[in-house]
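Notes to accompany the following structure.
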Amino acid sequence: MLVTVVINAMKDSVEVLRSVAPAVQRTRQQASDAKEAKKLLGLTDPTGDAYRSDAVHPLYGEGKIHPDNVAALNAAAGDALLRRTQIQDEVQINPGTSSLLLFGSPTSEGLSRVAFDYEQVPEIEGLARRGAVLDLAYAWNLDPNKLGGGRVARYVPGKGVIDRPAWQIDDLRHTGASAYLRPEVDANGLITEDYLLVTRVRNFLSEEALARGQFLVSFGGAHGTGTRAVELLLKDRKLLADVLEQLKSSQARVTGLGGLPKAYQLLFRVSSIKHSPAGSIPRALELVDTVTLPDTDAVWDTAYRVALTRLERWYQEQP
């Protein structure tokens with residue numbers, strides 16, 4: 001339709017048509033790539049059975065979803081043409097048979113603690129990562145004993161300014177200062193830069209899910225501001241097209257072949273954060289890194305066996 005409109009409007013000017021047509025084609029290609037990228041992120045299934053949030057944020061009561069996670073859920077639900085967000089308290093989902101989209105880091109999303117192997121730090125607020133389940137490139141650092149101090153403040157709707165430990169993202173492939181991706185703050189301690197980590201793996205939480213080819217995709221910021229940036233990701237066709245291209249390149253580097261990886265991590269930098277009582281809302285998102293993860297039957301079989309005991313405990317804790 002776009003090309004037809006250009007031809008009709010400019011039928012008397014072939015030279016202009018030739019200069020505009022490539023731009024139109026690029027726009028159409030970006031739209032196509034964006035659609036493919038969203039599919040890879042699990043965001044094109046209109047049934048809603050993949051969407052969930054096991055709300056466990058320490059600042060909210062049981063079943064109360066953090067507003068930043070709600071924003072990310074609504075963005076994803078709207079993108080998949082859902083009428084309303086599907087929430088764990090309303091729709092029972094079996095993690096062992098469904099594909100899953102998890103919104104929020106393990107600080108606020110309970111099943112993520114099982115999937116990414118986090119457990120409560122004794123006597124203080126925070127989570128320690130054991131790291132026995134998956135071989136990842138990036139992971140949240142939610143352990144105050146390993147953060148080196150510091151606090152990060154931001155606005156949360158209905159609660160005003162909230163001050164939290166300076167959660168960060170760790171680059172597990174490196175050591176030294178470059179391995180720690182810390183949020184930035186201004187002179188008042190308000191967050192100015194955060195990170196969003198997107199991880200796609202096979203749904204290794206049951207043998208049935210693995211056999212059926214189900215997947216698990218996690219969207220979690222170092223802080224809620226990063227999680228909220230899912231809204232930006234889904235609106236930016238060019239960024240989604242870049243994500244797709246980088247995933248193809250990453251897969252080619254690992255396998256020497258074309259195609260797209262089934263397991264990967266995406267790291268985004270979140271910035272231009274506007275602070276108000278309505279929330280600390282990011283306005284800029286930048287792709288920092290793309291990593292293809294190991295993807296073999298042996299990898300997922302091991303992950304399943306390691307996670308099995310923790311998953312059974314999680315089931316027992318469900319209301």
Side-chain angles (χ1 to χ4, degrees), residues 37-45 47-56 69 72-73 75-77 79-80 85-88 91-118 127 129-140 196-221 227 230 233-234 243 247 251 260-267 290-315 318:
K38 289 176 183 177
K39 182 178 180 180
L40 194 64
L41 291 168
L43 297 172
T44 56
D45 176 10
T47 65
D49 63 356
Y51 295 81
R52 61 160 292 117
S53 180
D54 178 29
V56 294
N69 291 2
L73 275 161
D79 191 71
T85 301
Q86 303 288 339
I87 300 175
Q88 164 73 7
V91 179
Q92 294 299 315
I93 299 170
N94 184 347
T97 59
S98 303
S99 290
L100 300 170
L101 301 183
L102 310 182
F103 293 89
S105 77
T107 299
S108 60
E109 210 297 309
L111 188 56
S112 295
R113 299 183 183 185
V114 177
F116 297 105
D117 209 11
Y118 286 81
L127 299 170
R129 178 180 175 270
R130 299 192 309 167
V133 174
L134 297 171
D135 182 13
L136 301 173
Y138 294 100
W140 302 279
L196 168 63
L197 181 61
V198 178
T199 303
R200 173 171 173 144
V201 295
R202 297 184 188 270
N203 185 353
F204 60 90
L205 298 180
S206 82
E207 293 176 310
E208 181 182 354
L210 284 172
R212 294 173 58 182
Q214 304 288 356
F215 59 82
L216 181 156
V217 188
S218 163
F219 303 82
T227 303
V230 169
L233 175 61
L234 299 182
V243 165
L247 284 170
Q251 178 76 344
L260 289 162
K262 295 293 179 66
Y264 59 79
Q265 287 190 293
L266 307 171
L267 181 68
T290 306
V291 182
T292 295
L293 299 176
D295 180 33
T296 66
D297 291 342
V299 165
W300 306 121
D301 181 66
T302 300
Y304 163 68
R305 296 183 188 285
V306 172
L308 185 58
T309 301
R310 301 193 69 204
L311 183 63
E312 290 174 345
R313 188 189 316 148
W314 180 85
Y315 274 123
Q318 297 304 294

Side chain to side chain, Leu134 and Leu293, heavy atoms closer than 4.5 Å: no
Which class fits the ring pair Trp140 and Phe116: parallel under 30°, tilted 30 to 60°, perpendicular over 60°? perpendicular
Ring centres under 6.0 angstrom apart (Phe219, Phe103): yes
Calculate, to the nearest 0.5 Å, the distance between atoms OG and CD belonging to Ser218 and Gln265 respectively. 9.0 Å
Could you walk me through whether Tyr304 and Glu207 pass side chain to side chain contact (heavy atoms under 4.5 Å, CB included), step by step? CA-CA 7 Å; Tyr304 163 68; Glu207 293 176 310; 3.4 Å; yes
Check: Leu266 and Leu247 side chains under 4.5 Å, non-hydrogen atoms: yes
Do Leu260 and Gln251 have side-chain heavy atoms sitting under 4.5 Å apart? no
Answer yes or no: is there a side-chain heavy-atom contact under 4.5 Å between Val217 and Val198? yes
Can you list the steps and then say if Val230 with Leu196 is a side chain to side chain contact (heavy atoms under 4.5 Å, CB included)? CA-CA 8 Å; Val230 169; Leu196 168 63; 4.3 Å; yes
Restricting to non-hydrogen atoms, name the atom on Thr227 and the atom on Gly221 that form the minimum distance, rounded to 0.1 Å. OG1-N, 2.8 Å
Between Val56 and Gly110, what is the shortest heavy-atom contact and its length? CG2-N, 3.5 Å
Close side-chain approach of Trp300 and Asp295, heavy atoms under 4.5 Å: yes
Hey, does the side chain of Gln214 reach the backbone of Leu216 with a donor-acceptor pair shorter than 3.5 angstrom? no
Which atom of Val114 lies closest to which atom of Ala307, heavy atoms considered: CG1-O, 4.3 Å
Does the pair Phe215 and Arg202 meet the rule for a side chain to side chain contact (heavy atoms under 4.5 Å, CB included), with working shown? CA-CA 4 Å; Phe215 59 82; Arg202 297 184 188 270; 6.0 Å; no
Taking every heavy atom of Tyr138 against every heavy atom of Leu197, the minimum-distance pair comes out as CB-CD1, 3.7 Å
CG/Leu102 to OG/Ser108 distance, rounded to the nearest 0.5 angstrom? 10.5 Å
Roughly how far, to the nearest 0.5 Å, is the CG atom of Leu311 from the CG atom of Leu111? 7.0 Å
Over all atoms of both residues, closest heavy-atom pair of Leu101 and Leu41: CD2-O, 3.6 Å
Looking at Arg113 and Arg310, what are the two nearest heavy atoms and their distance? O-NH1, 3.0 Å
